[in-house]
Amino acid sequence: MGAFIDFFRGPWHIAVYTYREGIRKKTLIGFLILSLLVIFGASFISSYLDPTSETDIDLKLIKDICVATISIFGVLITIFISASVVPGEIENKVIYTILSKPVRRIQYLLGKFLGAQLIIIVNLVLMGFLFCAALYMRQQVFPSLLLWSLLLTYFEFLIISAFTFAVSCASTSAVVPTIIGLFIYITGNLTEFLKDVQNRAGQSGKWFDDMIGWVANALYQMLPNLQNFSLKTQIINGQPNDPPTDVLIPNLMAYGTLYAIFGFLLAWVIFWRKEV
Amino acid sequence: MKRHQKLVLAGAMLLILALAATQGRHVRHLRESESFYRWMLAAAVNERLFQDESGQFKDKELFEQCNAASQKLAGLVPTVAAVAKEQPKAASEPPAAEPGEVSEIGKASQEYKNDPRIWALARSNELADARASFLKLARSRQLRFAQDIQYAEAQESGVGLFNLFFGFRKVAANFIWIQVDRYWHQGENYRMVALMKTCTALDPHFVEAYLIGSWHLSYNVTAKMMDTPWPQRKWDPKYSACVGEKEKYYYVAINFLKDGIRNNPRNYKLYFDLGFAVYKQKLKDYQNAVKYLSEAIRQPHDRWVPRQLFICQELNGQYAEALAGWEDYARRFPQTSTGQEVAPRFIKRNQGHLLEKRAEEAFKAAAAATDPAEAERLRKEALKFREQAKDIFMVLGSTEGDALRMRIEATELAEQKRYMEAVAVLDKARWESAELWDDLSHRIMRYKADGNLPISLSEQKEMEREKDAGLCAGMPEQERQRVQQKNAQLN
């Protein structure tokens with residue numbers, strides 16, 4: 001037990017340090033302020049609607065816009081942070097000081113990854129809090145379904161974060177991993193197309209055509225599908241105790257965690273071979 | 001790092017990837033099962049309430065396949081609660097399926113508490129074939145109740161709206177709805193319907209769009225339109241009803257709400273608006289109003305929903321059900337003002353109606369009885385019921401109780417062939433209660449006709465109109481005969 005605690009003590013310090021450093025980044029603060037403004041502004045979107053009609057439509061508008069805002073700005077924050085925590089330290093050469101200490105590479109990497117997650121979680125909580133407040137002011141009921149939606153949003157970010165982090169370990173600057181992170185987000189949402197490619201392949205009967213279908217199917221089975229997390233928008237306006245939703249939430253959490261572990265292991269393999 | 005460590009790491013990575021891919025398969029299975037489950041609920045609601053079928057779609061065949069497979073499962077025994085009371089058949093719609101005709105899944109779907117069982121069924125191995133057929137049919141757009149973008153574009157075609165929006169279709173639906181609202185304020189009603197349908201296609205769970213859309217159609221669009229006279233209406237096979245320019249909007253609203261119910265079968269608001277706002281308020285079709293309001297109270301609902309059901313039951317002549325409902329309501333909510341003030345009034349009113357109905361039945365039985373002693377006994381019983389009803393209406397008091405009591409007095413006078421007095425009593429009574437105006441006016445016309453009393457011009461016109469009520473060009477012969485029989489009974 002003592003060895004276990006000792007192993008995580010180093011990463012925890014690095015995580016806290018990464019968090020303190022990351023939370024001060026101007027770009028990050030900019031994204032956060034923008035997202036908070038949009039969430040706040042969503043409360044006024046109902047002015048476009050008939051003020052005399054007493055409906056819940058404005059509530060739905062706020063919910064949908066806020067979930068979309070949290071997703072868009074949240075993913076930007078996730079990508080930006082995950083892409084910059086390691087290359088940033090390579091650029092300013094802090095990494096050499098840290099690795100010269102009795103810290104193993106896996107501990108360093110774990111600390112950096114945990115630090116990035118802390119930043120993402122804090123941002124998500126801040127945005128979620130304002131969203132909750134906006135909803136509470138409207139309907140005077142605590143929006144409990146929102147918490148599940150935010151939880152699923154986080155697990156979606158976790159996958160993006162892990163793979164972007166893996167890419168960032170191979171890079172010396174944050175620009176390329178940021179671009180690749182966006183690419184991961186977009187392609188992660190388009191994984192369903194691979195199924196379509198597989199369905200259309202093999203029509204000519206040529207071996208190359210068959211092979212494309214086979215490769216598409218293999219990738220479809222292996223790559224994460226971020227569309228599965230679209231449940232987060234479904235929950236928010238749904239009914240409580242919806243049986244499929246209740247089953248899907250823990251499964252999606254496990255799904256996100258497994259891909260995140262794979263992404264982190266990938267980062268480790270890449271970082272391990274890196275000459276620093 | 002040593003070689004064996006590399007191997008361990010590679011092995012761990014492969015293992016995690018395999019586990020993630022397996023979990024991915026499981027999640028995919030769950031999401032497909034979820035689509036299947038939602039389609040199954042929609043098909044079950046359609047079977048139980050609408051029986052809306054179309055030859056080109058395969059929903060019915062697939063639903064039968066699901067039912068056949070589900071019969072092997074002992075776990076899916078529906079718990080149909082006592083709320084499943086006998087519902088009268090609707091006039092303008094196909095008759096509701098008899099309990100025996102409703103499938104196992106249909107029966108189970110009646111109660112929202114059975115949802116976990118239907119969900120278990122939807123993802124079970126026993127229904128694997130049906131699920132595969134569902135996905136195949138949904139991709140090729142052969143299922144009417146799985147037509148939204150969520151199924152079709154995500155799974156069948158190439159670049160689609162579903163993927164391009166990255167799951168933000170609901171936001172797009174909201175902005176389209178703002179446009180619908182704008183068109184409404186600009187008076188461009190003709191543009192609204194198409195956009196409303198686009199909106200609900202993007203977000204089939206946008207309940208407010210269904211509710212407000214149907215409200216616009218059945219209330220606001222038709223607000224300045226006159227009721228189409230019956231001879232000018234035409235039979236529309238699509239709606240199985242005689243419709244004019246104005247009435248068409250009501251049926252468009254009904255279909256819009258029905259789509260909403262299929263997509264959101266557990267939302268009571270949709271059933272309520274269909275039953276109350278359209279069938280009761282606009283079409284005065286109390287049979288269908290009772291049918292959908294009964295369905296609304298099967299879902300988790302607000303306290304005011306059953307009150308409207310009881311009112312519609314009373315209007316539909318189901319006094320015993322209305323009475324039982326109000327008594328139960330007063331028992332459950334004794335501290336509320338409705339429980340203390342409103343419910344007792346409705347209880348009295350329904351008790352009076354029930355006694356009045358019993359008196360009528362006893363009079364009919366007395367007239368039909370061959371034994372004079374039995375006829376006399378029944379007549380006395382009928383008179384007793386009538387007196388009891390009058391007493392109750394007296395206790396009920398207010399203008400409403402007075403009008404109901406005077407209605408009985410007028411009936412008694414008419415039975416004694418004192419038509420002039422009966423008409424005078426009814427004429428006084430109808431000014432007491434606006435709610436009873438139509439009923440009492442019809443009675444006045446009937447007594448005037450029976451007593452050969454002079455009939456005013458407006459009454460003559462009304463009687464002429466009543467002859468054509470419910471009849472229009474292009475009606476199926478069977479339906480025409482049914483309406484003519486009904487009109488003859490009323491007159």
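Numbers restart at 1 for each chain; the letters A, B, ... are given by sequence-line order, proteins then strands. Keep in mind that this is a model prediction, so the values were computed, not measured.
Neither the backbone nor the side chain of Y112(B) comes within less than 4.5 Å of any heavy atom in chain A. Both the backbone and the side chain of L266(A) have a heavy atom closer than 4.5 Å to some heavy atom of chain B. Neither the backbone nor the side chain of N225(A) comes within contact range of chain B; no heavy atoms are under 4.5 Å apart. Only the side chain of D242(A) comes within contact range of chain B, judged by heavy atoms closer than 4.5 Å.
For the set P244(A), P243(A), G256(A), the entry with the most heavy-atom pairs within less than 4.5 Å of chain B is P244(A). Residue with the most contacts toward chain B among I65(A), L231(A), I72(A): L231(A) (heavy-atom pairs, distance under 4.5 Å). With chain A as partner, the option from E208(B), H26(B), R182(B), R25(B) having the largest number of non-hydrogen pairs under 4.5 angstrom is E208(B).
The pair R31(B)-E34(B) counts as a salt bridge, with a side-chain nitrogen and a carboxylate oxygen less than 4.0 angstrom apart.
Applying the side chain to side chain donor-acceptor pair (under 3.5 Å) criterion to Q107(A), with sequence neighbours excluded, gives no partner residue.
No hydrogens or angles considered: nothing links the side chains of N267(B) and Y210(B) as a donor-acceptor pair under 3.5 Å. A donor and an acceptor atom, one from each side chain of Q117(A) and S161(A), are located under 3.5 Å apart. Under 3.5 Å, the side chains of D302(B) and Y268(B) contain a donor-acceptor pair of N or O atoms.
Taking all atoms of both residues into account, the shortest heavy-atom contact from C199(B) to A173(B) is SG-O, 3.2 Å.
Close approach to chain B, defined as a heavy atom under 4.5 Å from one of its heavy atoms, is seen in Y220(A), Q221(A), M222(A) of residues 216-224 of chain A, taken by number.
Other residues, nucleotides and ligands place more than 12 heavy atoms under 6.0 Å from the NZ atom of K274(A). Environment of CZ in F183(A): sparse, with no more than 12 heavy atoms of neighbouring residues, nucleotides or ligands closer than 6.0 Å.
The cationic group of R105(A) lies under 6.0 Å from the six-membered ring centre of F271(A) and within 45° of the ring axis, placing it in a cation-pi geometry.
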